[in-house]
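Taking it in order: structure first as structure tokens, then the write-up.
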Amino acid sequence: MATVKRRAWKTAKGERKEAWRVRYVDQHDATRTRQFDLRRDAEAFRIKAEGEVAAGVHTADSGSITVAQAANLWISKAELGNRDRGTLKAYRELRDLHIVPLLGKEKLSRLTTPDVVTFRDVLLETRSPAMTRKAVRGLSMILNVAMERGKVAQNVAAAVKVERSARDRKRIVIPPKEHLRALLAAADEIASDDPQLPILLRVAMFTGLRSSELRGLTWLDIDLADLKLTVSQRADRWNDIGAPKSDAGSRTVPLGPALASELKKWKLRCPPTQARLVFPNQRGRPMSQHRIIERFLAVQKAAGLAVDTGRDARGQTAWKARYGLHSLRHAAASAWIKQGIDLKRLQVWIGHATIALTLDTYGHLITDALADAALAGGAEAAVLA
């Protein structure tokens, strides 16, 4: 049974002080105390502590750690779990730039949901909504790891969300057919300078592979007899080869006959590498992400699709790409949808972890005007019959 009693004393200077002390026994039969300036705060803590002790999940202040210490446990777990280098870099940046500067000294046992709400609101004033969303999610992950280690009783960040407004949602950009054809024609025209560019764009456009997956693709992953391509690895931002970032990233995608024919031609010309890469650089390593961005801009300039943004510091035209390579991935998904692909196959081929993500990304493209009209007519008939 926890008790709340008033405590009064005099300081060395003779000043009279008063506080409210909560005394209780935790689930390990250890006597604990906690002191508050206000009685209502002491009573609120008493009720909370009694509930946590009864559930066997209470963590006393003396046994608690700070948010900064918990964040280090989170990073250590990610390192032991062999998370890829890019993910670890993102986690460390969340810890060092956003979470620890604002909450690092707070003890987990004293952290409350209102504290996390304040943390979120401060971030929204100084960071973008997207970064705030990542930081709050990161704090929640930190508290989950701390719960696993018995360092805190509950995850007070779990219910705190950063609402995503319609303006925050990035609309996917799908190049129209005439632009896709213009891109391929332009890539063919400048193939003498970069012979792998035409086939790289075709693979991206017709299989929906991500840039990292294209850069890690090997000839062992392409079955030209059975017309299929398997995604089994990727090249990260440092061009190191590793497994896809999620289980959903490992998948098999069918090849159309025209693409298979182009791949056969490229296989005869492709520079041989030890890793048997489909798109190697001159040193036999994966092509860099920067190189792909640079070459895709050159294709768009040649196709008349790049955007003139004025003059740069040297007085030359500053060109901006109208499309990112990810737009070709969206073009693949859009083409499959127009051919009547079902949602489950679309999810698998595009490499999404959940069907909900597929719906959020491409649901607005899934329409059937004739079927919709038939449904509407059937509803009318049912009412008027």
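Everything quoted here is computed from the prediction, not taken from an experiment.
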Please round to the nearest 0.5 Å and tell me the distance separating atom CG of Leu217 and atom CG of Leu263.
8.0 Å
Hydrophobic clusters here meaning ILVMFWY residues chained together by side-chain heavy-atom distances under 4.5 Å, can you tell me if Leu94 and Leu102 are in one?
yes
Tell me whether Leu88 shares a hydrophobic cluster with Met141, the cluster being built from Ile, Leu, Val, Met, Phe, Trp, Tyr side chains joined at under 4.5 Å.
no
If you look only at pairs with a residue in residues 285-303, which of them pass as a salt bridge (Lys or Arg N to Asp or Glu O under 4.0 Å), with sequence neighbours excluded?
Asp194-Arg291, Asp194-Arg295, Asp240-Arg285, Arg291-Glu294
With side chains defined as the heavy atoms from C-beta onward, is the minimum distance between Leu139 and Val160 less than 4.5 Å?
no
May I ask you to decide whether Glu15 forms a salt bridge with Lys10, counting only side-chain N to carboxylate O separations under 4.0 Å?
no
Taking side chain to side chain contact (heavy atoms under 4.5 Å, CB included) as the test, write out the residues that go with Val173, two or more places apart.
Tyr323, Ser327
N-O pairing of Arg40 and Glu43 below 4.0 Å:
no
Parallel, tilted or perpendicular: ring planes of Trp266 versus Phe279, cut at 30 and 60 degrees
parallel
Straight-line distance of Ile142 CD1 to Lys77 NZ, nearest 0.5 Å
12.5 Å
Do you reckon Ile222 sits in the same ILVMFWY cluster as Trp349, going by side-chain contacts under 4.5 Å, direct or chained?
no
With side-chain contact (heavy atoms from CB on, under 4.5 Å) as the criterion, how do Thr66 and Lys105 come out once you've worked through the C-alpha distance, each side chain's angles and the decisive distance to 0.1 Å?
CA-CA 6 Å; Thr66 65; Lys105 295 180 180 179; 5.7 Å; no
Would Arg210 and His326 count as having a side-chain donor-acceptor pair, cut-off 3.5 Å?
no
Starting from the C-alpha separation in whole Å, work towards a yes-or-no answer on salt bridge (Lys or Arg N to Asp or Glu O under 4.0 Å) for Glu18 and Arg39.
CA-CA 11 Å; Glu18 186 178 273; Arg39 180 169 185 169; over 6 Å; no
Separation between CG (Leu220) and CG (Leu277), nearest 0.5 Å, reads 10.0 Å
Decide yes or no on salt bridge (Lys or Arg N to Asp or Glu O under 4.0 Å) for Glu178 and Arg181, but give the supporting numbers first.
CA-CA 5 Å; Glu178 57 270 23; Arg181 295 190 184 107; 5.4 Å; no
Test side chain to side chain donor-acceptor pair (under 3.5 Å) on Asp115 and Thr112 and set out the steps.
CA-CA 5 Å; Asp115 292 334; Thr112 65; 3.0 Å; yes
Using only heavy-atom distances, determine whether the side chains of Asp221 and Thr218 contain a donor-acceptor pair under 3.5 Å.
yes
Are Phe296 and Met287 connected in the hydrophobic side-chain network, where two residues link if heavy atoms are under 4.5 Å apart?
yes
Does a side-chain N-to-carboxylate-O contact under 4.0 Å join Glu106 and Arg110?
no
Please round to the nearest 0.5 Å and tell me the distance separating atom CG of Asn144 and atom OG of Ser140.
5.0 Å
What I want to check is whether the side chains of Arg237 and Gln289 have a donor and an acceptor closer together than 3.5 Å.
no
Side chain proximity check, Arg32 to Val25, heavy atoms < 4.5 angstrom
no
Lys/Arg cation over aromatic Trp238: Arg85, 6.0 Å, 45° cone:
yes
Sequence neighbours left out, what passes side chain to side chain contact (heavy atoms under 4.5 Å, CB included) with Thr207? Give chain and number order.
Val203, Leu209, Leu229, Val253, Leu255, Leu259
Other hydrophobic cluster members with Val53, side-chain heavy atoms of Ile/Leu/Val/Met/Phe/Trp/Tyr under 4.5 Å, chained?
Val4, Trp20, Val22, Tyr24, Phe36, Phe45
For Leu357, check side chain to side chain contact (heavy atoms under 4.5 Å, CB included) against everything at least two apart and list the hits.
His352, Thr354, Thr361
Pair Ile350, Tyr362 - check side-chain contact (heavy atoms from CB on, under 4.5 Å), show working.
CA-CA 11 Å; Ile350 210 68; Tyr362 301 115; 4.2 Å; yes
Does a salt bridge link Arg83 with Glu79, judged by any charged N lying under 4.0 Å from a carboxylate O?
no
Distance alone, cut at 3.5 Å: any donor-acceptor contact between the side chains of Arg311 and Thr317?
yes
Please answer: with hydrophobic residues joined when any side-chain heavy atoms are less than 4.5 Å apart, are Ile174 and Leu201 in the same cluster?
no
Interatomic spacing from SG in Cys270 to CD1 in Ile199 - rounded to 0.5 Å:
10.5 Å
For Asp84 and Thr87, which I'm curious about, is there any donor-acceptor pair between the side chains at under 3.5 Å?
yes
By side chain to side chain contact (heavy atoms under 4.5 Å, CB included), Lys265 pairs with (sequence neighbours left out) Ser261, Glu262
Verify side chain to side chain donor-acceptor pair (under 3.5 Å) between Arg120 and Thr132, making sure each step is shown before the conclusion.
CA-CA 7 Å; Arg120 178 200 64 191; Thr132 299; over 6 Å; no
Can you tell me how far CD of Glu163 sits from CG of Leu124, rounded to the nearest 0.5 angstrom?
10.5 Å
